2 protein chains.
Amino acid sequence: MKRSKKKQFHEFMSGKGLKSTRQRDVVLDCFLASDRHMSTEELYMKVRAKNPTIGYATVYRTLKLFAESGIAREIHFGDGQTRYEHVAEGEHHDHLVCTRCGSVQEFENETIERLQQEIADQFGFQVETHKLELYGICAKCRQ
Amino acid sequence: MKRSKKKQFHEFMSGKGLKSTRQRDVVLDCFLASDRHMSTEELYMKVRAKNPTIGYATVYRTLKLFAESGIAREIHFGDGQTRYEHVAEGEHHDHLVCTRCGSVQEFENETIERLQQEIADQFGFQVETHKLELYGICAKCRQ
DNA sequence: TTATAGTATGACAATCAATTTCAATTGAGT
DNA sequence: ACTCAATTGAAATTGATTGTCATACTATAA
Ligand SMILES: [Mn+2]
Ligand SMILES: [Mn+2]
Ligand SMILES: [Zn+2]
Ligand SMILES: [Zn+2]
């Protein structure tokens with residue numbers, strides 16, 4: 001799985017005439033080894049631990065490339081931080097976000113997805129993406 | 001309806017020992033007279049048209065008070081702009097957002113709301129708020 | 001292998017929305 | 001009118017992100 005994402009990214013890069021670099025490989029390894037829903041800042045810290053010479057701008061630029069290549073998805077939970085999560089091909093999920101501890105639980109619901117489609121159809125709206133997030137208190141934080 | 005929101009806001013303010021000012025009244029009038037889903041910037045422009053001496057910070061501060069008082073809700077559509085929309089007491093709706101023309105269509109779906117609740121219950125998660133947005137191309141933009 | 005052309009990098013400046021600071025002003029109860 | 005906390009606008013500041021640019025590097029051709 002990690003092998004295949006590496007491959008996917010490298011194919012995307014060479015297909016666009018973009019280069020493979022030491023820095024990008026470090027960022028990629030840190031991203032793939034990381035928990036999901038990491039903020040750019042958090043990832044930058046992990047990257048620095050491996051190679052302190054890598055700059056902030058490079059991490060930002062590389063994460064955008066991950067999203068373009070399809071191995072990552074950009075997410076926003078409403079704190080001013082952009083986050084990235086791993087994307088499994090053909091999969092989709094939504095999120096439960098704890099406003100107390102910040103933990104994130106993923107879920108899938110086929111019925112909701114279908115209803116969304118129906119609603120869009122009623123309005124003649126063509127859905128490209130959607131975002132469903134439930135914010136509240138997770139089981140642990142409720143004791 | 002507009003009378004009652006004005007009232008609601010003024011009651012909230014006096015209840016907190018906060019003052020009624022000329023500036024706040026102008027911002028409130030502009031907000032109530034406006035289309036929904038206005039960005040702070042857009043509202044600021046309307047405010048300036050009525051009273052060019054009112055500052056940016058005052059508009060920001062006042063909109064936060066609207067949200068606190070319950071007459072407005074803060075929304076984020078992923079462009080870097082915070083928006084505010086009118087809140088009707090006891091009502092809730094979600095959004096279809098056109099990524100081409102920026103238009104916003106509101107909808108309500110009781111079944112989806114119920115399913116969200118069920119999912120949260122399964123995880124022992126206590127929902128406080130949620131966000132459901134469908135992004136894509138609206139009927140008009142599809143010709 | 002070496003030359004070459006275009007890409008990538010990191011330090012730093014710049015941007016953008018939003019917030020904070022602060023001295024001067026104002027609102028509301030007395 | 002008096003008092004005092006709340007409010008204001010201008011400007012400075014923050015925090016995340018992006019742009020600039022001179023230097024360094026990668027990949028391919030020769
Ligand atoms: Mn996720
Ligand atoms: Mn709305
Ligand atoms: Zn929690
Ligand atoms: Zn449209």
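Side-chain atoms are counted along with the backbone in the values below, which use heavy atoms only and exclude waters and symmetry mates. By convention in this document, chain letters (A, B, ...) are assigned in the order of the sequence lines, proteins followed by strands, and residues within each chain are numbered from 1. Just so it is clear, the structure is predicted and the values come from calculations on it, not from any experiment.
Phosphate contact (OP1/OP2 of D:dT26, side-chain N/O of A:Arg22, threshold under 4.0 Å): present.
Each of B:Lys19 and B:Gln81 was matched to the nucleotide of DNA chain C holding its nearest heavy atom; the match closer to the 5' end belongs to B:Gln81.
Rounded to an integer number of Å, the gap from A:Asp79 CG to D:dA16 C1' is 11 Å. Straight-line distance from the CD atom of B:Gln23 to the C1' atom of D:dA10: 14 Å, rounded to whole Å. Atom CD of A:Glu41 is separated from atom C1' of D:dA16 by 9 Å (rounded to the nearest Å).
Distance alone, capped at 3.5 Å, places no donor-acceptor pair between the B:Gln81 side chain and the B:Thr40 backbone. A side-chain donor-acceptor contact under 3.5 Å links A:Thr99 to the backbone of A:Gly136.
Between B:Phe12 and B:Phe9, the two ring planes are parallel [angle under 30°; tilted spans 30° to 60°].
Partner B:Met13 forms a side chain to side chain contact (heavy atoms under 4.5 Å, CB included) with one of B:Arg24, B:Lys19, B:Glu68 and no other, that one being B:Arg24.
Remark: aromatic rings of B:Phe31 and B:Tyr84 are distant, center separation not under 6.0 Å.
Nearest to the side chain of B:Arg24, among C:dA18, D:dT7, C:dG10, sits D:dT7. Taking only side-chain atoms of B:Ser20, from C-beta outward, the nucleotide of D:dT17, C:dA5, C:dA28 with the closest atom is C:dA28.
Of the residues in residues 47-69 of chain A, those placing a heavy atom less than 4.0 Å from an atom of DNA chain D are A:Ala57, A:Tyr60, A:Arg61, A:Lys64, in numerical order.
Hydrophobic side-chain contacts under 4.5 Å tie A:Phe77 into a cluster, directly or through other members, with A:Ile75, A:Val97, A:Val104, A:Tyr135.
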